[in-house]
Novice: 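The structure that follows is given in the form of structure tokens.
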Amino acid sequence: MLTLNIILSRIYSSHNLTFAFLAGILFSIPWITFKLITPSLLLTLLLQFTSLIIVQLHTIILISFDPFLPLYLHTPKINAMAGTSVLQRTNFFSPPVDPSQSSDLSLRLKEQHCLSLLKSCKNLEEFKQAHAQIVKWGIFWNSFSASNLVAACALSDWGSMDYACSIFRQIDDPGTFEFNTMIRAYVKDMNFGEALAFYSEMFERGVEPDNFTYPALFKACAWLKAKEEGMQIHGHAFKLGFENDVYVQNSLINMYGKCGDIVHASSVFEEMDEKSVASWSAIIAANASLGMWNECLMVFGKMSSEGCWRPEESTLVTVLSACTHLSALDSGKCAHGALLRNISELNVIVQTSLIDMYVKCGCLEKGLSLFHRMAKRNQMSYAVMISGLAMHGHGEEALRIHSMMLEEGLEPDDVVYVGVLSACSHAGLVDEGFQCFYRMKSGHGIEPTVQHYGCMVDLMGKAGMINEALEFINSMPIEPNDVVWRSLLSACRVHCNLKIGEIAAKHLFQLNSQNPGDYVILSNMYARAEKWPEVAKVRMEMARKGLSQVPGFSLVEVERRIHKFVSQDTSLPRRKSIYEMIHQMEWQLKFEGYTPDTSQVLLDVDEEEKRQRLKGHSQKLAIAFALIQTTQGTPIRISRNLTMCNDCHTYTKLISIIYEREIIIRDRNRFHHFKDGTCSCRDYW
DNA sequence: GTAGGGTTAG
């Protein structure tokens with residue numbers, strides 16, 4: 001008998017009323033069949049039956065007086081929940097219905113209805129009506145109703161934080177949930193100061209925060225870049241014992257990352273027992289935001305190898321961005337493959353970052369084909385493609401894509417015009433550049449920024465219009481910055497205009513330029529004019545300011561590893577084979593009529609020393625290494641921190657014939673695509 | 001019974 005009761009009570013508490021009753025009858029059959037009817041069983045069944053009738057009647061009576069009867073009857077979930085709450089009290093160990101509990105049932109039903117009413121609100125007007133109704137029911141001061149009122153209003157998208165706050169202020173004794181709701185809502189509303197103020201208020205009123213409180217607060221600190229405050233709150237969270245809550249940890253990583261503190265971000269990350277996808281994404285994003293691209297790829301590699309790898313578009317966009325910055329084509333291709341294998345349709349952001357990656361890693365064709373296959377493009381997609389074409393020196397094509405953008409009805413922004421103007425500048429399209437510059441303001445209302453002026457100076461400077469460029473700078477309505485003067489200085493170097501070069505340098509030094517390159521260019525210009533005392537003066541000025549020449553380096557990717565070569569580096573791991581290769585190349589080059597252009601070494605040293613210096617340029621070391629390490633016919637891709645010298649340019653053109661290799665070099669301004677002895681820049685750079 | 005983390009491209 002006892003067993004029967006236990007089984008029945010289990011069923012009662014977990015299933016619906018009718019099912020429980022039927023089950024009761026079913027279980028009774030064996031007893032009845034085998035004539036095991038005892039007074040106890042009869043009593044049980046009688047009690048059970050009576051209690052169920054009472055409960056049913058009770059529910060029906062309660063609901064009958066409720067104006068929302070149709071709603072309950074047509075809302076199975078609410079009906080079932082109300083039923084379950086009644087059934088949980090209906091077993092043989094407790095009285096079927098306690099009369100004192102009857103109002104509780106009514107309250108529950110109203111609460112449930114209140115919740116669905118709030119959930120159905122579409123706007124503030126509807127919400128206000130619901131609010132009035134809840135007040136009318138007299139359950140406004142019930143903590144469940146009040147909490148849900150605040151939550152529904154605060155977390156809606158109606159911009160009704162003031163109204164939400166007014167409801168919150170009517171609650172006499174707000175608890176943790178209500179405070180959490182307000183904090184979360186203010187964070188969602190981007191009102192971070194107010195969110196933190198509510199946290200302080202929590203403390204003042206002695207309301208204890210819980211693990212739900214902290215992620216929102218760290219997000220607020222992340223946006224405000226308030227590291228000190230974040231650290232303090234971090235202390236509170238750990239004191240309260242939430243240091244192992246994965247949500248708290250993830251938001252901490254993000255907070256430290258956004259505040260630029262990778263050390264704390266990493267230490268939180270490392271101490272996590274179980275890292276979620278969000279944890280990995282947060283640490284990858286933290287590295288990316290600090291420009292630590294190599295670390296970004298390393299963490300991503302670790303994430304994959306530790307099996308916590310789910311191809312998420314957002315994570316891969318960050319990874320692709322890292323590949324772009326590192327010119328890491330092979331890694332970028334891997335990311336592309338992972339995307340294709342796992343995601344059926346790539347979104348615009350992913351497609352745009354893929355195009356950017358391919359183009360900036362030197363695969364213009366691949367980028368173009370992806371671009372033309374895009375079903376939908378936005379302003380950013382066009383911006384990426386236009387500036388990509390600009391970097392590769394394809395000015396006309398960039399202008400065509402720009403027209404295509406206008407035809408599609410997309411409005412260009414200032415960044416698009418930076419791309420367009422730099423495309424004109426790299427391709428020597430002076431007239432077109434001026435047309436675009438004027439149309440930008442008259443046709444699209446974009447006020448030129450200092451960047452646009454910089455492009456125009458570059459455009460004129462490259463074309464040898466040095467005097468015009470200087471006049472242009474002097475007529476600028478805004479203050480020229482260092483970039484503008486640097487463009488002019490570089491142009492002066494290329495076109496050997498020492499007089500204006502000195503003017504440009506003077507302005508750069510007045511702007512307190514800390515760029516050693518500016519001093520180096522001026523000093524080289526003096527050296528070329530054999531004005532050695534001036535050279536010494538510039539070098540001394542450099543030393544006085546504590547600036548030293550940035551060594552040129554070249555990066556080359558072989559088998560997904562990036563190798564760095566610094567000029568004159570004699571400590572290379574494969575030093576012997578690389579210098580042997582350089583030697584071999586030199587022989588071949590001699591047959592092609594190459595003579596080292598020692599005028600490119602602007603040092604007061606003898607010819608032999610100059611030849612040795614030229615040989616050690618990082619680009620040549622990188623080419624030699626790539627020729628050894630890669631199979632015949634593979635294109636060689638190199639990325640450099642500085643522009644290349646004329647000698648390296650000529651040298652690379654010849655190597656592309658001798659070794660039948662395509663050599664794609666990205667310098668600090670643009671791409672040079674060497675093939676069959678010519679360069680895509682047509683010697684205009 | 002109510003709620004929480006990472007969110008990307010020029």
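These values consider heavy atoms only, across backbone and side chains, with no hydrogens, waters or symmetry-generated copies. Letters A, B, ... mirror the listed sequences (proteins, then strands); counts begin at 1.
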Novice: Whole Å only: how far is the CG atom of A:Asp273 from the P atom of B:dG5?
Specialist: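 Result: 21 Å.
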Novice: For a quick test of reading the model: is some side-chain N or O of A:Lys258 closer than 4.0 Å to OP1 or OP2 of B:dT7?
Specialist: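 So the side-chain polar atoms of A:Lys258 do come within 4.0 Å of the phosphate oxygens OP1 or OP2 of B:dT7, strictly under.
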Novice: Find the distance A:Trp223:CH2 to B:dG5:P and express it as a whole number of Å.
Specialist: 13 Å
Novice: For A:Val319, answer base if it contacts any base atom (sugar-phosphate contacts may also be present), sugar-phosphate if it contacts only those atoms, and nothing otherwise; contact means non-hydrogen atoms under 4.0 Å.
Specialist: nothing
Novice: Taking A:His325 for the side chain and A:Ser321 for the main chain, is one N or O donor matched with an acceptor at less than 3.5 Å?
Specialist: yes
Novice: Over all strands shown, is A:Lys188 touching base, sugar-phosphate only, or nothing at heavy-atom distances under 4.0 angstrom?
Specialist: nothing
Novice: Of the nucleotides B:dT8, B:dT7, B:dG4, which one has an atom closest to the side chain of A:Ala285?
Specialist: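 So the nucleotide nearest the side chain must be B:dT7.
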Novice: Picking from B:dT8, B:dG1, B:dA9, which would you name as closest to the side chain of A:Phe144?
Specialist: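 Given the options B:dT8, B:dG1, B:dA9, the side chain of A:Phe144 is closest to B:dG1.
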Novice: Report which part of the nucleic acid A:Asp413 touches: base, sugar-phosphate, or nothing (heavy-atom distance under 4.0 Å, all strands).
Specialist: base
Novice: Do we count A:Phe177 as stacking onto B:dT2 if the rule is ring centres under 5.5 Å and planes under 30°?
Specialist: yes
Novice: So what does A:Asp414 touch, heavy atoms closer than 4.0 Å: a base, only the sugar-phosphate, or nothing?
Specialist: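 No contact.
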Novice: Exactly one of A:Cys334, A:Cys363, A:Cys323 should register a side chain to side chain contact (heavy atoms under 4.5 Å, CB included) with A:Leu329. Which one does?
Specialist: A:Cys363
Novice: Can you tell me how far OG of A:Ser353 sits from CG of A:Leu346, rounded to the nearest 0.5 angstrom?
Specialist: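 A:Leu346 CG to A:Ser353 OG: 9.0 Å, rounded to 0.5 Å.
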Novice: Under 5.5 Å between ring centres and under 30° between planes: does that hold for A:Tyr247 against the base of B:dG5?
Specialist: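 No, A:Tyr247 does not stack on the base of B:dG5.
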Novice: Using modelled atom types and a 3.5 Å cut-off, is there a donor and acceptor pairing between side-chain atoms of A:His452 and backbone atoms of A:Asp414?
Specialist: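 The answer is yes, because a donor-acceptor pair under 3.5 Å joins these two groups.
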Novice: Any donor and acceptor pair, going by atom type alone, linking the side chain of A:Asn148 with main-chain N or O of A:Phe144 inside 3.5 Å?
Specialist: yes
Novice: Base, sugar-phosphate alone, or nothing: which one does A:Val384 contact when heavy atoms must sit under 4.0 Å apart?
Specialist: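 Sugar-phosphate only.
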Novice: Kindly indicate whether the side chain of A:Glu111 and the base of B:dG1 share any N or O donor-acceptor pair separated by less than 3.5 Å?
Specialist: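 Indeed, a donor on one side and an acceptor on the other fall under 3.5 Å apart.
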Novice: At under 4.0 Å, does any side-chain N or O of A:Arg108 touch on OP1 or OP2 of B:dG1?
Specialist: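 For B:dG1, neither OP1 nor OP2 has a side-chain N or O of A:Arg108 closer than 4.0 Å.
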Novice: CG of A:Leu389 versus C1' of B:dG10: gap in Å, rounded?
Specialist: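 Computing the A:Leu389:CG to B:dG10:C1' distance gives 13 Å.
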Novice: Can you tell me how far C1' of B:dG1 sits from CZ of A:Phe212, to the nearest Å?
Specialist: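 The answer, rounded to whole Å, is 13 Å.
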Novice: By the 4.0 Å heavy-atom rule, please label A:Tyr214 as base, sugar-phosphate, or nothing.
Specialist: nothing
Novice: So A:Asn180, base contact, sugar-phosphate only, or nothing? Heavy-atom distance under 4.0 Å.
Specialist: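 The residue A:Asn180 makes base contact.
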Novice: Does A:Lys122 offer a backbone N or O that forms a donor-acceptor pair with the side chain of A:Glu126 under 3.5 Å?
Specialist: yes
Novice: Any donor-acceptor pair under 3.5 Å joining the side chain of A:Asn148 to the base of B:dG1?
Specialist: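 Under the 3.5 Å cut-off, the side chain and the base do not form any donor-acceptor pair.
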Novice: Report the distance from atom CD1 of A:Ile284 to atom C1' of B:dG5, rounded to the nearest whole Å.
Specialist: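 Checked: the CD1 to C1' distance equals 15 Å.
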Novice: By the 4.0 Å heavy-atom rule, please label A:Val246 as base, sugar-phosphate, or nothing.
Specialist: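 Base contact - A:Val246 has a heavy atom under 4.0 Å of at least one base atom.
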Novice: Base, sugar-phosphate, or nothing: which does A:Ser276 touch, judged by heavy atoms less than 4.0 Å apart?
Specialist: base
Novice: Between B:dA9, B:dA3, B:dG10, which nucleotide gets closest to the side-chain atoms of A:Val415?
Specialist: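 From the listed options, B:dG10 comes nearest.
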Novice: Round to a whole Å and report the spacing from CE of A:Met374 to C1' of B:dG10.
Specialist: 12 Å
Novice: If you only use heavy atoms from C-beta on, which nucleotide in B:dG1, B:dG10, B:dG4 is closest to the side chain of A:Ala383?
Specialist: B:dG10
Novice: Using a 4.0 Å heavy-atom cut-off, does A:Val418 contact any base of the nucleic acid, only the sugar-phosphate backbone, or nothing at all?
Specialist: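 The residue A:Val418 makes no contact with any strand.
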Novice: Consider the side chain of A:Arg184, meaning its heavy atoms from C-beta on, and name the nucleotide among B:dG4, B:dA9, B:dT2 that approaches it most closely.
Specialist: B:dG4
Novice: Please determine, for the side chain of A:Asn250, which listed nucleotide (B:dT7, B:dG5, B:dA9) has the closest atom?
Specialist: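 Closest nucleotide to the A:Asn250 side chain: B:dG5.
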Novice: Considering non-hydrogen atoms only, spot the tightest contact between A:Cys221 and A:Leu196 and give its length.
Specialist: SG-CD2, 4.2 Å
Novice: Please state how far atom CG in A:Asn254 lies from atom C1' in B:dT7, giving the value in whole angstrom units.
Specialist: 10 Å
Novice: If you only use heavy atoms from C-beta on, which nucleotide in B:dG10, B:dG5, B:dA3 is closest to the side chain of A:His325?
Specialist: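 Nearest to the side chain of A:His325 among the choices is B:dG10.
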Novice: Whole Å only: how far is the OH atom of A:Tyr256 from the C1' atom of B:dG5?
Specialist: 16 Å
